[in-house]
Engineer: 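Below you will find the structure I want to go over with you.
Numbering of residues begins at 1 and proceeds along the displayed sequence. Whatever order the structure lists them in is the order used to number ligands and atoms, beginning at 1.
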Amino acid sequence: MVRKVQALLAVAFLAALVDVAAPAAQKLPNIVILATGGTIAGAAASDVQAAYTSGQVGVDQLLAAVPQTKKLAVLRGEQIANIGSQDMNDEVWLKLARRINELVARQDVDGVVITHGTDTIEETSYFLNLVVKSKKPVVLTAAMRPSTALSADGPLNFFNAVAVAANKNAAGRGVLVVVNDWIHGASSLTKANTTAVQTFLSPLRGLIGTVAYGEAEFFRGPAGRNTMDSEFSLDGVTALPRVDIIMAYENMDGKLIEAAVAAGAKGIVIAGVGNGNMTQPALDALAAQAKKGIVCVRSSRVATGRVGRNVEVNDDKLGLVASDELNPQKSRVLLRLALLKQRSLADIQRLFREY
Ligand code: ASP
C-alpha cells in the first residue's frame, strides 16, 4: 500500500516537473490591423526634420517594423486608406466601420487595431464607439513623429495597441485609443498639443488605463453608452447628414450660421465661448434656424468642462441643445448620427446626456 502511494506521488511529481518544463502552448489571439495612414505611416527625407508627409508607409511595412508583436498575437493587416487624418472623410469612415463590424463578428478574430493620424483620431474613435457592434477590443493608435524620425513613437504605440487589443480585460470598455503609454476612452480623449508626443489627454473623465511595454492596467469602464449598448447603426446608411461647426468669438454676427444652412447643414454645432455662450446677434441667428428645424447644439471652444442646459442661455425657450460633456468635434459626430432619423429636441438632448 505504502509503495503504491509512493509510486503515485512520484508520478505526480514527474507530471508537475513536465508541466513546469513545457507549459501547454498558449494559443495567441488573432488581431487584424486596419491601416488608414497618418504620421505613424509618415515619412521624411531626414530623421531630424519637421517637414514630412503622412500616409507613405503601407500596412505590411508597418507590421514588419515591429516584429516584437509576434509574441503578443497572430497579426494580419489590411489597408483601408493611406491618408493624413486631416483628410478623413465619410467614405473612409463608412468603409472602416463596416469592415470592423464584419471582422469582429467572426470567431477567428479576437480584436482589431486601427492605425490613424492624430489630427482627427478623437472623431474617428468616437464615431466607431457609436457604430461598432461588439464587445471585442477595438483599439486605435497613432504617432506624433513619422516612422523615419529619430525616436519615432509609432513602433511602441503600435506594440502597446496590439497588447491592449490582445488583452481579454480590454473587452467591453468601448473603443479605445492607445498612445504614449496611455489608454483613453473614445468619448473622453482630446488632442491637446500640436506637436508634443504627449498630446492626448482625457481631461474630464481620466484614463481608462495605462500600458507599459505591453503590460496593461485598467482603471475604469467606458463613459457613456457605446458599441453593444449604442442605439446607432449603419445598416442601410450610405451617407451622413451635413453638420457644421462654427466657433464663437468677440463681435460675432449671424452670417456664418446662415451660410452653413444655405450650404445644406441640417445641424449646427457652436464652439461657444465659456459655457457654450455667444453674442446676442449670433444667438438670435441660431434661434431663428432652430425655429426652422435646424438642430443647433451649444458646445464650447474651452478645452475642458461640460456645457449645461439653461445656464446663461435659455435653451428651453430658444429650442437649443446643450452638448454636455462632448467637445464640438464629438458633438458633430453624435449629431450626424442622431439626424439619421426624425427625433424631437428632447430626444436629441437625451442622446447628449447618455453618449
Ligand atoms: N496630420 C497627421 C494626421 O493626422 C498628424 C498625425 O498623425 O500625427 O494624419
Engineer: Heavy-atom distance under 4.5 Å between the side chains of Thr195 and Asn193, does that happen here?
Structural biologist: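 Yes; the side chains approach each other to less than 4.5 Å.
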
Engineer: We want to know whether Glu231 and Tyr355 form a side-chain donor-acceptor pair, criterion being a heavy-atom distance below 3.5 angstrom.
Structural biologist: yes

Engineer: Against Arg76, only a single residue in Val32, Ile33, Val59 fulfils side chain to side chain contact (heavy atoms under 4.5 Å, CB included); can you say which?
Structural biologist: Val32

Engineer: One pair per line, please: each N/O atom of ligand 1 matched with every protein N/O atom under 3.5 Å away, atom names first, then the distance to 0.1 Å.
Structural biologist:
residue  : atom  : partner : partner atom : Å
ligand 1 : 1 (N) : Gln86   : OE1          : 2.9
ligand 1 : 1 (N) : Asp119  : OD2          : 2.7
ligand 1 : 4 (O) : Ser85   : N            : 3.4
ligand 1 : 4 (O) : Ser85   : OG           : 2.5
ligand 1 : 4 (O) : Thr118  : N            : 3.3
ligand 1 : 4 (O) : Asp119  : N            : 3.0
ligand 1 : 4 (O) : Asp119  : OD2          : 3.4
ligand 1 : 7 (O) : Thr39   : N            : 3.0
ligand 1 : 7 (O) : Thr39   : OG1          : 2.8
ligand 1 : 7 (O) : Thr118  : N            : 2.9
ligand 1 : 8 (O) : Thr39   : OG1          : 3.0
ligand 1 : 8 (O) : Thr118  : OG1          : 2.5
ligand 1 : 8 (O) : Ala143  : O            : 3.0
ligand 1 : 9 (O) : Ser85   : N            : 2.7

Engineer: Within a strict 4.5 Å, meaning less than it, do heavy atoms of the Phe219 and Thr210 side chains meet?
Structural biologist: yes

Engineer: Check the side chains of Thr190 and Glu122 for a donor-acceptor pair under 3.5 angstrom, ignoring hydrogens and angles.
Structural biologist: yes

Engineer: Linking I/L/V/M/F/W/Y whenever their side-chain heavy atoms sit closer than 4.5 Å, directly or via other members, would Val211 and Trp182 fall into one cluster?
Structural biologist: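 No: no chain of side-chain contacts under 4.5 Å links Val211 to Trp182.
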
